[in-house]
Amino acid sequence: MKNLKRILSVVMAVVMLLSICLFTANAEDKKPLYLVLGDSIAEGFGLTNPQDGAYGKIIADTNGYGYINRGHMGYDSSDILRLVSDTSGKTDIPKFVKEADIISISVGGNDFLLGNMVDLLFKAILLKDYSRFDEIAENYYNNLTAIMKKIHELNPNAVVLMQTLYNSWNSAVKIEFQKAADRINNAIYRVYEENPGYFEIVDVGSQFSFHKEWMTQDTIHPNAEGNVAIAKIILNRMVELGLCDSAEPVILKAGKSRDYIREYFGDLVGTVLVVAANVATGNFNF
């Protein structure tokens, strides 16, 4: 009986030792999780291979992070609020928010662009009527406040990096859209000041705007070079925050710029639309 007890004690000790070793190994092997949320810019829509060349992937590869991208074309601030607040289980975003170590968010452009931007710019340029601009910005402020509070509730330890909105246009439209972008960016800083510690600002807007060489031919989405540029901007901010040591991006597989207007409409109609978009915005990138 004594021998049996000794054998059992040894077996239990070995099992416990193995468990500790396995737990330690798993803890050491676990990579920090980098989650990207937002619109088509976050998604990498301007690339044929966003899974390789989107700025989020570049940042993850540079730092050896686990990587999840839940950016989606057309998402505005109300969509992000709906998704992070979902309790139905229809989306995995709340789960990933809880698990993430670093979260990047790009959202705001569609709050204006999908709200009949042509009409907005017409009123602004001809009538100098910015009342709708102000309404959209205030709604964005309310949504962003709720988004940040919900993310903080789900994961108070995550570092949240909120990107400011850039302006990619260079014609007369540039002036009016800049007024729209300024309202979005002012709302971001307002939420930041009112909720200290909830997120950090990455000023993509001031560093990325008006670089037509970084845009696809639709004049809105970053191309392959533009995604690298955004990655560098974010990496520089991460260095400032002590989140990484180097802002030099590691690119395992280069992104390929996408000509999606011609993809959708064919060469003839697509070329006409590309030229029209570039002339209207002053980018002349065709």
Side-chain angles (χ1 to χ4, degrees), residues 32-46 50 53-63 65 67-71 75-77 80 84 97 100-111 137 140-141 143-145 147-148 151-152 155 157-168 178 180-211 214-215 220-222 225-251 255:
L33 179 60
Y34 180 53
L35 173 65
V36 178
L37 300 176
D39 49 25
S40 53
I41 296 170
E43 180 186 12
F45 186 78
Y55 66 81
K57 184 63 164 61
I58 295 171
I59 292 167
D61 289 342
T62 300
N63 293 297
Y65 295 154
Y67 172 61
I68 296 173
N69 190 319
R70 286 296 182 270
Y75 277 179
D76 61 16
S77 61
I80 303 303
V84 299
V97 168
D101 296 283
I102 300 173
I103 303 170
S104 276
I105 303 176
S106 167
V107 71
N110 288 325
D111 288 69
Y140 177 83
Y141 159 79
N143 286 341
L144 187 62
T145 298
I147 288 166
M148 292 304 178
I151 290 175
H152 190 74
N155 187 350
N157 296 317
V159 178
V160 181
L161 305 174
M162 182 67 208
Q163 298 162 218
T164 57
L165 182 62
Y166 64 76
N167 184 352
S168 60
Q178 188 60 50
D182 287 344
R183 282 165 167 78
I184 290 293
N185 293 335
N186 288 340
I188 291 172
Y189 279 95
R190 183 178 165 195
V191 176
Y192 175 76
E193 291 169 359
E194 293 173 356
N195 299 275
Y198 278 37
F199 65 99
E200 300 292 341
I201 296 175
V202 182
D203 192 9
V204 172
S206 67
Q207 300 175 67
F208 192 85
S209 294
F210 316 127
H211 284 273
W214 290 345
M215 308 306 300
I220 295 174
H221 297 100
E225 187 180 353
N227 273 273
V228 174
I230 292 178
K232 288 182 179 179
I233 293 169
I234 296 174
L235 285 167
N236 272 305
R237 184 69 177 121
M238 292 173 73
V239 169
E240 292 175 355
L241 294 169
L243 298 174
C244 61
D245 297 325
S246 174
E248 187 60 34
V250 173
I251 302 172

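Every value quoted in this text rests on a predicted model; they were computed, and no experiment measured them.
When atom types are taken as modelled, the side chain of Asn227 and the backbone of Tyr55 share a donor-acceptor pair closer than 3.5 angstrom. Between the Asn69 side chain and the Ala42 main chain, a donor and an acceptor come within less than 3.5 Å of each other. Listed for the Asn195 side chain is no donor-acceptor partner under 3.5 Å among the backbone atoms of Tyr198. Put simply, the side chain of Asp61 never gets that close to the backbone of Ile251: no donor and acceptor are under 3.5 Å apart. Proximity of a side-chain donor or acceptor of Ser77 to a complementary backbone N or O of Gly108 within less than 3.5 Å is not detected. A donor-acceptor distance shorter than 3.5 angstrom exists from the side chain of Arg237 to the backbone of Ile201, with no hydrogens or angles considered.
Residue Asn63 comes nearest to Cys244 through the heavy atom pair OD1-CB, 3.0 Å, listed as atom of the first residue, atom of the second, then distance. Ala181 and Leu165 make their closest contact through CA-CD2, 3.9 Å (heavy atoms, listed as atom of the first residue, atom of the second, distance). Summarising the geometry of Ala187 relative to Ala137, their closest heavy-atom pair is CB-O, 4.2 Å, with the distance given to 0.1 Å. Closest approach of Val107 and Met162 over heavy atoms only: O-CE, 3.7 Å.
Within the 4.5 Å cutoff, the side chain of Ile105 has heavy atoms near those of the Met148 side chain. The shortest side-chain heavy-atom distance between Pro50 and Glu43 does not fall under the 4.5 Å cut-off. Residues Ile102 and Pro32 fail the side-chain proximity criterion, which asks for heavy atoms closer than 4.5 Å. Inter-residue side-chain proximity for Ser246 and Leu235 is flagged as unmet; no heavy-atom pair is nearer than 4.5 Å. At least one side-chain heavy atom of Ile188 sits under 4.5 Å from a side-chain heavy atom of Phe199. Using a 4.5 Å heavy-atom threshold, the side chains of Ile147 and Leu37 count as separate. The side-chain heavy atoms of Phe208 and Thr164, taken from C-beta on, include no pair separated by under 4.5 Å.
Here Glu225 contributes atom CD and His211 contributes atom NE2; the two are 10.0 Å apart, rounded to the nearest 0.5 Å. Taken from CG in Asp39 to CD1 in Ile80, the straight-line distance is 7.5 Å, to the nearest 0.5 Å. Distance OH/Tyr166 to CD1/Ile184: 14.0 Å, rounded to 0.5 Å. The line from OH of Tyr141 to CG of Asn186 is 13.0 Å long, rounded to the nearest 0.5 Å. Rounding to the nearest 0.5 Å gives a distance of 9.5 Å between NZ of Lys57 and OG1 of Thr62. Separating the CD atom in Gln178 from the CZ atom in Arg183 is a distance of 11.0 Å, to the nearest 0.5 Å.
Every residue two or more places apart in sequence or in another chain that forms a side chain to side chain donor-acceptor pair (under 3.5 Å) with Asp76 is listed here: Ser78.
Checked by atom type, the side-chain pair Glu240/Asn236 shows no donor-acceptor distance below 3.5 Å.
Checking each of Val36, Val204, Ile234 against Leu161 for a side chain to side chain contact (heavy atoms under 4.5 Å, CB included) leaves exactly one that passes, namely Ile234.
Using bins of under 30°, 30° to 60° and over 60° for the plane-to-plane angle, the ring pair Tyr65/Tyr34 lands in the tilted bin. Ring orientation note: the planes of Tyr189 and Tyr192 are nearly perpendicular, at an angle over 60° on the 30°/60° scale.
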